[in-house]
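Below: the structure, in structure tokens.
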Amino acid sequence: MKTMKNHMKVEFDSYSGNESFARITVAAFLCCLNPTVEELEDIKTAVSEAVTNSIIHGYGNQVGTVTMECEIDGDEVIVAVSDEGVGIVDIGKAMEPLYTTRPDLERSGMGFAFMEAFMDTLEVTSAPMEGCLVRMKKKIGVPLHERYNCLD
Amino acid sequence: MKTMKNHMKVEFDSYSGNESFARITVAAFLCCLNPTVEELEDIKTAVSEAVTNSIIHGYGNQVGTVTMECEIDGDEVIVAVSDEGVGIVDIGKAMEPLYTTRPDLERSGMGFAFMEAFMDTLEVTSAPMEGCLVRMKKKIGVPLHERYNCLD
Amino acid sequence: MDDFQVINSYLCIRMPKELDHHKAIRIREMADRYIEGQHIEFVVFDFEDTSFMDSSGIGVIMGRYKKIQILGGRVLAVHVSDRIRRIFRLSGLHKIVEIVEDEE
Amino acid sequence: MDDFQVINSYLCIRMPKELDHHKAIRIREMADRYIEGQHIEFVVFDFEDTSFMDSSGIGVIMGRYKKIQILGGRVLAVHVSDRIRRIFRLSGLHKIVEIVEDEE
Ligand SMILES: Nc1ncnc2c1ncn2[C@@H]1O[C@H](COP(=O)(O)OP(=O)(O)O)[C@@H](O)[C@H]1O
Ligand SMILES: Nc1ncnc2c1ncn2[C@@H]1O[C@H](COP(=O)(O)OP(=O)(O)O)[C@@H](O)[C@H]1O
């Protein structure tokens, strides 16, 4: 059996209307893995959180570029979302559930908590004025040989 | 009224299964322009031709990176598809309808003809061993003020 | 907009198919216009059409709760799918929103 | 595969929802297995489910035409939408494929 590997990277402007674009794009990329509805919704939710954070927190009222990279490696999906925005001063604090710096925008402070809940692993790299990179992984449960293989 | 501008760029591996990924991605990006079904099918067809060419002709049996860039500028859509593959020796000849270098793969030689038929403009830039860049434009007919605006 | 309906002191909000930050902004704006303009005691979020919701949805519900609670009002949710129920639980929203179960 | 059916000397091929190069490869392979293995006089492409087709579809139809024509056979198409009809015309395919019109 050949190993399944596939990779894509998409950059887009930080308009809130592009949040749904990011979700559709990641779902379209993963569809050849035949994920369950549940698995796909989990990944779409995590991507939505990370992309929304880059748009709201990273760039605020500026328009910048959000990058989403997605890799399929066998039964593992790796998604990375990054921006070149203001960055995070205290990552530990930022990741606490209910912590938000934008209560005025009715942010719930649950973004990182959702990413952790819906993915297997979450890694946040950031520094003030150096943007933010969120890397998440999730194993897809359906055995390889039952999948429709899109890679040839 | 604010000017509508939006931009995205996606890179992906040259697997034939990613042809449908490219179509879904461009369609998702354009959906906030409220194109007609006809307009969307035209653009998806042109994108499918260009991406398939990069996969089959540009990279052949190698796996390389295909890049698709899409820009919305008011009522105009600009799509660019490029690869870093073998390139084209004689662009004029390549663009003739029914001309194909891969009859063994049952290519019909109608790819460029379809891009021309379904888009308003088509520009091909290529040189041997320097890859290929296809730039296409199309005006979307629905007046701006009738559109659901996704950009804010 | 047809997605907002006032029946007596109930404001019923039909939530969109995909409830994200982009959509949440609009719902917040519209809802507050109703809450501030009329005598509203109950805000009912209807999730019948909703197949996607992220934490932005939590924010918009929590925000309406805070507003209406001051006036002694309450927040309800109907047609809540298993997934949205899970998200409510994850965020503690199930403690402040009354989920009205679907009839059989 | 259920998408290929042989009835007498007819090979009926149910075309996929999205007929692109990726899908064309599989159709070519499967179709030729039938054409070479059995006595086929007519190849019928059924576009009932097909909402997308690019020039790869032209190639796969043209290829079967060439194969079957040598044996004195013919190529038919059913459930052809306006868009696919336009693509047939654009590529000259309407000259070699008989489009069977839908009954009212
Ligand atoms: N991409 C980012 N750039 C800058 N700051 C961020 C970014 N992502 C998250 N943060 C910071 O971390 C905090 C917590 O994020 P999160 O848990 O997603 O909740 P919320 O988005 O609801 O505020 C944010 O309020 C913000 O201060
Ligand atoms: N991206 C590309 N890289 C290299 N050669 C290309 C590329 N795109 C097209 N060509 C050349 O141009 C020819 C005509 O292309 P096209 O009109 O799309 O027809 P077809 O794909 O059916 O061959 C191809 O057969 C190929 O030789």
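Because only heavy atoms are used, hydrogens play no part in the values below, and waters and symmetry mates are left out as well, while side chains stay in. Below, chains carry the letters A, B, ... as their sequence lines are ordered, and counting in each starts from 1.
- Annotation: the span from C:H21 atom NE2 to A:I56 atom CD1 amounts to 3.5 Å, rounded to 0.5 Å.
- A:I24 CD1 to C:E18 CD: the interatomic distance, rounded to the nearest 0.5 Å, is 6.5 Å.
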Item to check | salt bridge (charged side-chain N to carboxylate O under 4.0 Å, His left out) evaluation trace for A:E38 with C:R86 | outcome: CA-CA 12 Å; A:E38 187 79 9; C:R86 188 177 159 208; 2.9 Å; yes
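- The neighbour count for A:Q62 CD, taken as heavy atoms of other residues, nucleotides or ligands under 6.0 Å away, does not exceed 12.
- A cation-pi arrangement is present between C:R83 and A:F118 under the rule of less than 6.0 angstrom and at most 45 degrees off the ring axis.
- Of residues 97-113 of chain A, those residues with a non-hydrogen atom less than 4.5 Å from any non-hydrogen atom of chain C are, in numerical order, A:D104, A:L105, A:E106, A:R107, A:S108, A:M110, A:G111.
- Both the backbone and the side chain of A:D42 come within contact range of chain C, with heavy atoms under 4.5 Å apart.
- By number of non-hydrogen pairs under 4.5 angstrom with chain A, the leading residue of C:A24, C:S55, C:G59, C:S51 is C:S55.
- Note that CZ of A:F114 is 5.5 Å distant from CD1 of C:I87, once rounded to the nearest 0.5 Å.
- Between chain A and the options C:R64, C:K66, C:M62, the largest number of non-hydrogen pairs under 4.5 Å is found for C:R64.
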Item to check | Working for side-chain contact (heavy atoms from CB on, under 4.5 Å), residues A:T52 and C:D20 | outcome: CA-CA 9 Å; A:T52 302; C:D20 61 4; 5.6 Å; no
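- Rounding to the nearest 0.5 angstrom, the gap separating the NZ atom in A:K44 from the CZ atom in C:F52 is 6.5 Å.
- Around CD of A:E71, the count of heavy atoms belonging to other residues, nucleotides or ligands within 6.0 Å exceeds 12.
- The distance from atom CZ of C:R26 to atom OG of A:S16, rounded to the nearest 0.5 Å, is 7.0 Å.
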